[in-house]
Amino acid sequence: MGKTIAEKIFDAHRVDHPEKDIHVIRLDAVFCHEITTPIAVNDLVSRGKDRVFDSDKIKVVIDHVSPAKDSKTAMQGKILREWAKRHKIRDFFDIGRNGVCHALFPEKGFVRPGYTVIMGDSHTCTHGAFGAFAAGVGTTDLEVGILKGVCAFRSPSTIKIDIIGRLPDGVFSKDVILFIIHRLGVNGATNKILEFTGPVVDAMSMESRMTLCNMAVEAGATSGICNPDMTTVEYLWEFIQNDHADKESALATFKSFHSDSDAQYDQVIEHDVSRREPMVTFGYKPDQVKPVKEMASTKVDQVYIGSCTNGRIEDLRVAAQVLKGKKISDSVRGIVSPATPKAFRQAMEEGILKTFMDSGFCVTNPTCGACLGMSNGVLAEGEVCASTTNRNFNGRMGRGGMVHLVSPATAAATAIAGFISNSGLYKGSP
Amino acid sequence: MKNFSGNVLFLDRSDINTDEIIPAKYLTEISKQALKPYLLEDIKLEGFNSQLDVKGKHVIITRVNFGCGSSREHAPWALEANNIHLVIAENFARIFRQNMFNCGMMAVELPDQTIDGIFKEFAGKETHLETDFENNAFIITADGHQQEISFSISDFDRALVMTGGWVDYADEKY
């Protein structure tokens with residue numbers, strides 16, 4: 001019987017099988033940020049276990065609240081900084097070099113096909129875009145990851161999402177994943193892996209695949225995953241060129257992880273996107289999704305473009321294309337946070353930041369801040385935000401605030417209109 | 001081993017996420033005890049008062065997909081700071097469930113009819129739940145009425161509860 005990509009990765013990393021459905025796997029990378037790691041560090045110290053399994057496999061960033069907004073967040077940064085120094089962790093990204101973890105670490109080449117990765121952050125599933133098994137965990141799992149380089153998971157039962165057809169102009173991977181979450185429900189994939197396949201995924205950039213995988217957890221999934229291909233190889237080439245004779249041989253190596261044609265899936269869902277429209281969430285759950293045109297009179301106070309879902313250069317380019325030569329509504333506060341210094345610099349060099357500023361947007365440094373209502377764009381009671389982030393939970397961007405999740409194109413069009421609106425890039429019914 | 005018995009807090013809603021259990025603005029705390037006053041502060045639940053309704057409760061019974069969303073272990077810690085070590089639901093989000101057992105606490109799943117039956121019989125009443133860990137049973141009591149319900153957890157989860165969590169278990173074994 002054939003195996004899925006996730007099963008093959010588990011097979012290559014299993015160190016223990018304490019019972020039928022539990023697999024303890026070896027980790028290739030443990031990612032850390034300043035919200036969930038300091039408590040793990042303090043706990044390790046208090047247990048007399050202030051050790052790390054491999055300082056080269058631990059990657060650390062301060063991203064959630066950057067720059068620090070108060071004494072407490074400053075202390076979280078300080079604990080992380082001192083810990084990284086103490087254990088000679090070389091890949092530590094402090095302010096000036098920091099970015100949103102799930103955008104920054106792929107850019108640095110830290111995720112490779114076939115890898116296993118954990119982080120104390122639910123959107124770690126993003127890295128599955130590279131054909132890795134990457135999962136969000138709590139602080140205790142992170143602590144054990146740091147200490148021993150292992151983590152326990154249930155068997156990687158997989159739902160295959162075969163995305164077929166042709167993506168219409170003005171419809172993006174964000175719209176596709178919102179619709180898939182709508183179909184699955186917020187716990188439709190709990191304890192499962194979502195494997196994204198099909199011609200639409202094959203044609204997607206790594207950035208678009210990361211957007212897909214990023215929101216797998218919003219359907220409850222342990223991780224999203226894509227089979228690595230030449231797009232993956234091209235993205236990673238600068239980091240892997242010394243390990244492979246050429247791109248073809250790198251691809252051949254990565255293909256050994258591909259799901260077999262006779263692999264067993266929990267479920268196979270075919271999803272034709274040819275008639276898909278731009279989508280938006282309503283309510284307080286990410287599976288409450290409808291076409292943008294059905295929400296078109298909804299007034300917004302703020303538009304936020306950024307985050308681990310949609311703060312990459314591709315997202316900024318699309319938003320700028322919509323904003324070019326236009327002004328945002330007087331009643332809207334527009335905030336854009338390029339997710340990494342590299343995306344920021346590229347946006348600067350391509351004139352994208354100027355387009356944002358000319359249109360009336362505020363450009364902030366890379367940080368997670370506003371997405372989870374911690375800093376850089378918190379909502380007041382009763383305010384409404386169209387956001388390219390990943391969660392519309394009650395209070396998520398500020399107590400009493402309402403969040404509508406959209407693609408960068410829809411966010412930009414909404415900023416111009418002052419109410420939720422389709423972008424001109426979408427040629428279907430407005 | 002922690003205490004898994006006490007008065008019951010009924011949360012009659014599905015998909016309660018960890019932002020509702022402990023809002024992100026409190027994630028800057030670096031001690032578990034500091035989270036105590038903020039448990040369930042942002043929950044969307046008609047008539048619920050997080051200041052009053054949590055007091056004196058040590059067990060939560062709820063519906064589907066409890067603990068979804070953010071991976072923050074602050075959610076189990078906010079429960080722990082309020083001496084709530086047991087949550088019973090139809091099912092849980094993966095990370096939350098694992099976090100509970102990793103901390104030596106319990107997230108126990110019961111079939112939907114059983115959960116429904118418990119809500120019908122006990123919700124709205126002063127209810128006490130006694131956990132018989134050895135025999136995999138909950139004894140639920142209210143108004144002189146008593147019901148015994150059996151539960152099952154895996155051997156791995158049981159080992160985590162008994163050793164007090166994943167750190168000691170893993171450091172010894174791997």
Side-chain angles (χ1 to χ4, degrees), chain A residues 15-16 18-19 21-22 24 35-36 38-39 42-44 47 49 64-65 69-70 72-73 75-76 79 119-124 135-144 147-150 152-154 185-187 190-191 217-218 220-222 284-285 372-374 378 391 393-396 399, chain B residues 14-20 23-32 34 41-45 64-77 90-105 154-160 165-174:
Chain A
V15 294
D16 193 15
E19 65 175 87
D21 194 33
I22 305 289
V24 178
I35 297 294
T36 53
I39 298 195
N42 285 350
D43 194 60
L44 286 170
R47 288 171 189 267
K49 299 178 196 281
H64 271 58
V65 185
K69 67 179 171 108
D70 55 22
K72 284 181 176 174
T73 48
M75 182 52 77
Q76 289 178 310
I79 293 169
M119 181 174 199
D121 190 288
S122 59
H123 292 109
T124 306
V137 297
T139 289
T140 303
D141 272 338
L142 176 72
E143 199 171 323
V144 170
L147 187 65
K148 309 299 287 189
V150 298
F153 290 96
R154 287 188 184 184
V186 287
N187 67 338
T190 301
N191 291 317
V217 69
E218 308 312 330
T222 303
Y284 298 106
K285 294 197 297 169
L372 69 166
M374 290 196 85
V378 181
R391 289 197 170 123
F393 295 161
N394 183 38
R396 173 75 178 181
R399 194 167 201 197
Chain B
S14 292
D15 305 316
I16 293 171
N17 64 62
T18 54
D19 273 87
E20 297 179 287
K25 62 184 172 198
Y26 303 119
L27 302 187
T28 58
E29 300 294 345
I30 46 174
S31 89
K32 297 178 184 181
E41 186 178 278
D42 271 356
I43 192 171
K44 197 107 183 137
L45 189 63
V64 176
N65 197 29
F66 187 79
C68 59
S70 159
S71 65
R72 63 190 67 161
E73 202 161 306
H74 304 70
W77 297 335
E90 253 181 77
N91 52 57
F92 294 90
R94 176 189 66 88
I95 303 173
F96 177 85
R97 200 200 73 86
Q98 195 61 49
N99 287 345
M100 287 288 284
F101 285 102
N102 281 350
C103 293
M105 301 199 280
S154 72
D155 292 344
F156 181 64
D157 289 339
R158 182 168 283 271
L160 294 180
W166 174 229
V167 178
D168 288 334
Y169 179 102
D171 198 27
E172 198 169 301
K173 205 146 178 240
Y174 303 111

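Bear in mind that the values here come from a model prediction, so they are computed numbers and not experimental data. So that the names make sense, note that chain A is the first sequence line, chain B the second, and so on, each numbered from 1.
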Contact part of [X] toward chain A, heavy-atom cut-off under 4.5 Å: side chain, backbone, both or neither?
| X | value |
| --- | --- |
| B:Ile95 | side chain |
| B:Ser14 | neither |
| B:Tyr169 | side chain |

What option among [options] has the most heavy-atom pairs under 4.5 Å with chain B?
| options | value |
| --- | --- |
| A:Val144, A:Val378, A:Leu147 | A:Val144 |
| A:Glu143, A:Met119, A:His64 | A:Glu143 |
| A:Val150, A:Thr139, A:Val137 | A:Thr139 |

Which heavy atom of [X] sits nearest a heavy atom of [Y], and at what distance?
| X | Y | result |
| --- | --- | --- |
| B:Gly69 | A:Ser122 | O-CB, 3.6 Å |
| B:Asp155 | A:Glu19 | N-OE1, 3.2 Å |
| A:Ala152 | B:Phe156 | CB-CZ, 3.9 Å |
| B:Thr28 | A:Thr73 | CG2-CG2, 3.3 Å |

Would a distance-only check, ignoring hydrogens and angles, find a side-chain to backbone donor-acceptor pair under 3.5 Å from [X] to [Y]?
| X | Y | value |
| --- | --- | --- |
| B:Arg72 | A:Thr36 | no |
| B:Gln98 | A:Gly138 | no |
| A:Gln76 | B:Glu29 | no |

Roughly how far apart are [X] [atom1] and [Y] [atom2], rounded to 0.5 Å?
| X | Y | atom1 | atom2 | answer |
| --- | --- | --- | --- | --- |
| A:Glu218 | B:Asn17 | CD | CG | 9.5 Å |
| B:Ser154 | A:Asp21 | OG | CG | 8.5 Å |
| A:Leu44 | B:Asp171 | CG | CG | 9.0 Å |
| A:Met374 | B:Tyr26 | CE | OH | 11.5 Å |
| A:Asn191 | B:Asn91 | CG | CG | 9.0 Å |
| B:Ser70 | A:Asp121 | OG | CG | 7.0 Å |

For [X], is it the side chain, the backbone, both, or neither that has a heavy atom closer than 4.5 Å to a heavy atom of chain B?
| X | answer |
| --- | --- |
| A:Ile22 | side chain |
| A:Ile35 | both |
| A:Ala221 | neither |
| A:Leu142 | neither |
| A:Met75 | side chain |
| A:Val65 | neither |

Give a yes-or-no answer on whether the side chains of [X] and [Y] include a donor-acceptor pair shorter than 3.5 Å.
| X | Y | value |
| --- | --- | --- |
| A:Thr140 | B:Glu73 | yes |
| B:Arg94 | A:Thr190 | no |
| B:Asn102 | A:Asp141 | yes |

Within a strict 4.5 Å, meaning less than it, do heavy atoms of the [X] and [Y] side chains meet?
| X | Y | answer |
| --- | --- | --- |
| A:Ile39 | B:His74 | yes |
| B:Cys68 | A:Lys285 | no |
| A:Arg47 | B:Asp168 | yes |
| B:Glu41 | A:Arg399 | yes |
| B:Pro23 | A:Phe393 | no |

Side chain to side chain contact (heavy atoms under 4.5 Å, CB included) between A:Asn394 and B:Asp19, intermediate numbers included = CA-CA 8 Å; A:Asn394 183 38; B:Asp19 273 87; over 6 Å; no
* To do: Decide, yes or no, whether a salt bridge links B:Asp42 with A:Arg396 under the criterion of side-chain N to carboxylate O below 4.0 Å.
  =>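 Between A:Arg396 and B:Asp42 there is no salt bridge, as every charged N stays at least 4.0 Å from the carboxylate O atoms.
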